Amino acid sequence: MYTLRTLPGDDVRQIMWRFAERFDLQMSVQSARSIARSTVAKLVAEGARNTHEWTDQKNDLLTAFDQSGLTALFMDPHQGGFIEGPKNFALALVAFELAWVDAGAATSSLASNLALAPIHEKGTPEQRDYYMSKCVPPQPGEDREIWRGAFALTEPLPYVGVDTGVLCGKASVADWTDGEEPMLQIDKRGRFITNMDFANFVTAAVESNDDRIKGTFMVILEDTDEGIFDRGAPTLKMVHQLSSTRDPVLNLKVPASRIIGGYDVVDGVIVPKYNHSEIIGAVFHRTRIPVGLMTSAKLISAVEPVIRYHRNRFRGGDACSEGSPRFDKGLQINEDALQRLVDLWASGEAGCSLAFGASRLADRFDPIEKAKEAHFEAEGVTSVRKQMGVLRKLKEQVFEFIDLEYTPEAERDQVRYAELQSDTLVQYAYMEALAGVLNPGVKLWNTGEGANKMREAVALVGGYGITEDCPGFLMQKWTDCQLEATYEGPEAVQRRHLTMTMTSDVFQHIMENWVKQMQTAGQQVPGLGGYVIASAMELWQWTLNHLKTAKDDDGRKLYHNKRQGVTFAMADALGWLLGPYYLAMDVMELIEKGPMSPTLAEGLDDLTGFYKDLCHIQAARAAGEVARICTELVYGFNTCSCNQPAAEPGGQSTCAGREDLVDFRALKAKVDMCMAGSRMAKDRAGHALTEVMIPEALDYPIG
Amino acid sequence: MSNEFHIVVCGSIVPDPLQTLAPQDGPNGPVLQNEMMLPAVLDPWAGHALYEAADLAAKHPGSQVWLVSLGPKAKLQQVMMAVSQKAPFQLVVADGSASGFEDGFETAKTLAETIQGIAGLDMSKLLLFGGWQSASRGSGAVMQMVGEMLGMTEQFQGVDKLTVGDDGALEVLERIEGGAYQKSVVDAAPAVLGWATGDLPEPPNNPQIGMQNMQKNMPALQQAKPADLSGTSLKFSAVDVPQQRRETRVVKDVPVEEVAKELVEWIKG
């Protein structure tokens, strides 16, 4: 039996989340943390969340973000930032730190970046440099206002939510004099638009209602443009009150050069280079990750206050005498309190490992995506259909690369691996397939299941949990989770996205390699839960393949895009598998790299023992969910025949057409048996919580 | 007149004060339970000294600031991710224990030797800064000894304010009893100043400064030489956390006047 000596610190996180060598990221973490646990926590403790209005008190947040460099984090050094290259991972780390105290503050920090993201991803170089530089705090010697932006997509009114296919913002030509820049009239109403109290510019999605403009596009609107820039009424949201949201009314005349990405004039018609879907696709590809991470951060943040509450529960008063187990351990003398907290912690770790894995992939994917576009442009392959055709022909190379990628370094053909690694299109096909699953997967599972788990955190603190001054702000965090599950596309949107990406051959090939990888982990790292993850993945893959061809008893196809009772359920099941896989990878990284850290060496075996158990617990839970969903889908669309003459209830031979499911039953039995040890893991991890050293007090105010 | 200073700040790390600090016996004397695994911060007294040093250097162009730290380099590196964003400085590391159970004389000797090894340090411009106390259970005497070892006889402790005159004279306010200050004037550097809290707030993080600092300071951390603190004859017979006394009595149905009366009697002793 091991002892968890202390709560995991920065040195543990840096190894697991792979930024031990990046001091720029480590500094960003420290900056964000200092604001979270001072400015942000003070605002929450003082009740700043209790109003919809953006107050002077809340405005302190922006000053704190500016002073500490968080405002400039999104920019490149030549634009006034300090991190070169993609910043998805950096933004994810900041979101994690801020959401540790309040996710509304994290949203506030990210909102300007969301407004800039369309410009960053698809804007012209001039648009990029102009707006990014404006949004950086003034440098020494400069005297200027810091610009802030808002992102206006929400459609259609009056509802709050995103159906990106429906637009009611309109664009028409206001003036167009020969030889001059056309002037556009933009009419846009927004709902639930973040940063709207102070935004200097809005990046808005609109569609043409003029024959002289083609299709949809995104456009930049400034508060000084001619016309109406009415910030609107505050949105009466009940959560995330440290972010500003209003329902603006915008009717402005702007030059066509504000069309994001530019435009061409073809036969007298303005043809935007990118339609709004292309831009939004590029933006949401990445920005959903930190939103998912916010929920997971809150789960881990709940661990310390819950332990403190449990230990101190009976101290004071007549409930127990000093020195008694009840006095020393409080509620921790009860197994249930310990093990439910372990479940919560495991869930938070799995969510974080998944989200940070996705954000690291996004950083690698950014330059590849740009290189792919440049390649196709140079080759003259401009239509999406032709590009897909080219990529399809590379399938064998992509599979070969994936096999090499998941082969241990010492065993693979390094020359061939390097060759395929430098092939832009192969890399694009691999990363696009993986990101296509991870990004909606993070958003779906972390926020949805995270909200359920956060309710458990509140429950673990009893009646104290539902008070405003509960340490750790657990009640506020729980309610905030629901907005995170909604932001940037609610759960149904993520499920729909997954149903389209999870069936790709490339992702399926990746998963086959994950299965092998987890089987090896099961053998080489006992107690991690590798086997149970692998067997659950096998069951999921088998079920997917079965459902693609199977029909229900009425003869209707099961796997069909209209049949969300099947497809969405499989997306949910996949969501469960992603977290434990990435957690297992992170725990193995800790086992490998931990011994090199002088600060961890002393208690490393205990620490890795605990993490292996957390991973095993989460793996078993995920496998249980996957098995349940797969079983319901495989058997649930056939009529029960147990009431037929001579039939026996539960008799497999009488269950119509079930003889073909021998493989399924074998795989499911394997999942069941691979649960071996998972409850012992929970016993050990729960016991570790009774001994772990926690700080004397929370490091931020609690009201 | 140009007043350039070479400001050396001595300061190391201490466990985050919110952590549970439990002493226990180690193979070489007392240690703190799980000290290497606990989060650490820059000693708050040294922090005040560093921010004063940076402010002084900013007001006197040409001045330089070094932060000399005796501590475990892996922990120092973590702490520097926050501290390096506060002010420009060059880090000089002696890799050794920052435990408060170390011998103050050995610590001073190591710091003095490390300071003497700083390339380009002009002793005639030297202002040696540090905390007048330490949050690491330290002796509160290290700065005086470092000064003596470096031959610096102008020493001030409990400093809250330093003003540099146009002629380069240093006016120092030291805390004395009764909330009063003693004002002293020294003609010029070198001098030792053990800072109390000073009068500057903690600067906000500035990642631009942090990036510049860490590009220089990461090599300093990686190349840090092990500190030799073995010459001590210090022995500890026992170490204990100060005991917290709490006597709780639950009183019900007693008029407030009687509760007040009892409290007054208790206060009177």
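Predicted model, so just to flag it, every value in this text is computed and none were measured. Order of the sequence lines sets the chain letters (A, B, ...), proteins ahead of strands, with each chain counted from 1.
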Item to complete: Might you confirm whether atom CD of Q139(A) has over 12 heavy atoms from other residues, nucleotides or ligands at distances under 6.0 Å?
Response: yes
Fill in: Per-residue contact mode, S34(A) against chain B (heavy atom under 4.5 angstrom)
side chain
Worksheet entry | Check against side-chain hydrogen bond (donor to acceptor under 3.5 Å, both in side chains), Q26(A) and Q77(B) | CA-CA 10 Å; Q26(A) 293 175 28; Q77(B) 185 176 324; 4.7 Å; no
Worksheet item: Using non-hydrogen atoms only, which part of M27(A) is less than 4.5 Å away from chain B: side chain, backbone, both, or neither?
Response: both
Response to the item:
Rounding to 0.5 Å, atoms CE (M81(B)) and CG (L25(A)) come to a distance of 10.0 Å
Worksheet entry | Largest heavy-atom contact set with chain A, pairs under 4.5 Å, which of P207(B), P39(B), P203(B), G210(B) | P207(B)
Practice prompt. Without swapping roles, check the side chain of S31(A) against the backbone of N206(B) for a donor-acceptor pair under 3.5 Å.
Written response: no
Practice prompt. Pick one of side chain, backbone, both or neither for L698(A), based on which atoms fall under 4.5 Å of a heavy atom in chain B.
Written response: backbone
Fill in: Nearest atoms (heavy-atom pairs only) where M693(A) meets T20(B)
SD-O, 3.7 Å
Worksheet item: Is the count of non-hydrogen atoms from other residues, nucleotides or ligands lying under 6.0 Å from K42(A) atom NZ greater than 12?
Response: no
Worksheet entry | Top of S597(A), G69(A), S68(A) for chain B proximity - count of heavy-atom pairs under 4.5 angstrom | S68(A)
Kindly list each side-chain donor-acceptor pair under 3.5 angstrom involving residues 253-266 of chain B, sequence neighbours excluded, with atom names and distances?
from    : atom 1 : to      : atom 2 : distance (Å)
E262(B) : OE1    : R249(B) : NH2    : 3.4
E262(B) : OE2    : R249(B) : NH2    : 2.2

Fill in: Part of E35(B) lying under 4.5 Å from any heavy atom of chain A
neither
Worksheet item: Between D24(A) and M211(B), which heavy-atom pair has the shortest distance, and what is it?
Response: CB-SD, 3.6 Å
Worksheet entry | Toward chain B, the part of I83(A) with a non-hydrogen atom under 4.5 Å | neither
Worksheet item: For the candidates L600(A), T6(A), D10(A), which exhibits the highest count of non-hydrogen atom pairs separated by less than 4.5 Å from chain B?
Response: T6(A)
Item to complete: For residues N205(B) and Q30(A), report the shortest heavy-atom separation together with the two atoms involved.
Response: ND2-O, 3.8 Å
Fill in: Partner chain A: residue of P17(B), A82(B), P72(B), A22(B) with the largest heavy-atom pair count (under 4.5 Å)
A82(B)
Item to complete: State, to 0.1 Å, how close Q208(B) and G80(A) come at their nearest heavy-atom pair, and which atoms those are.
Response: NE2-O, 3.1 Å
Worksheet item: When rounded to the nearest 0.5 angstrom, what distance separates CE in M36(B) from CD in E602(A)?
Response: 8.0 Å
Worksheet item: What part of M218(B) gets closer than 4.5 Å to chain A, counting heavy atoms only: side chain, backbone, both or neither?
Response: side chain
Worksheet item: Are more than 12 heavy atoms from other residues, nucleotides or ligands located less than 6.0 Å from atom NZ of K225(B)?
Response: no
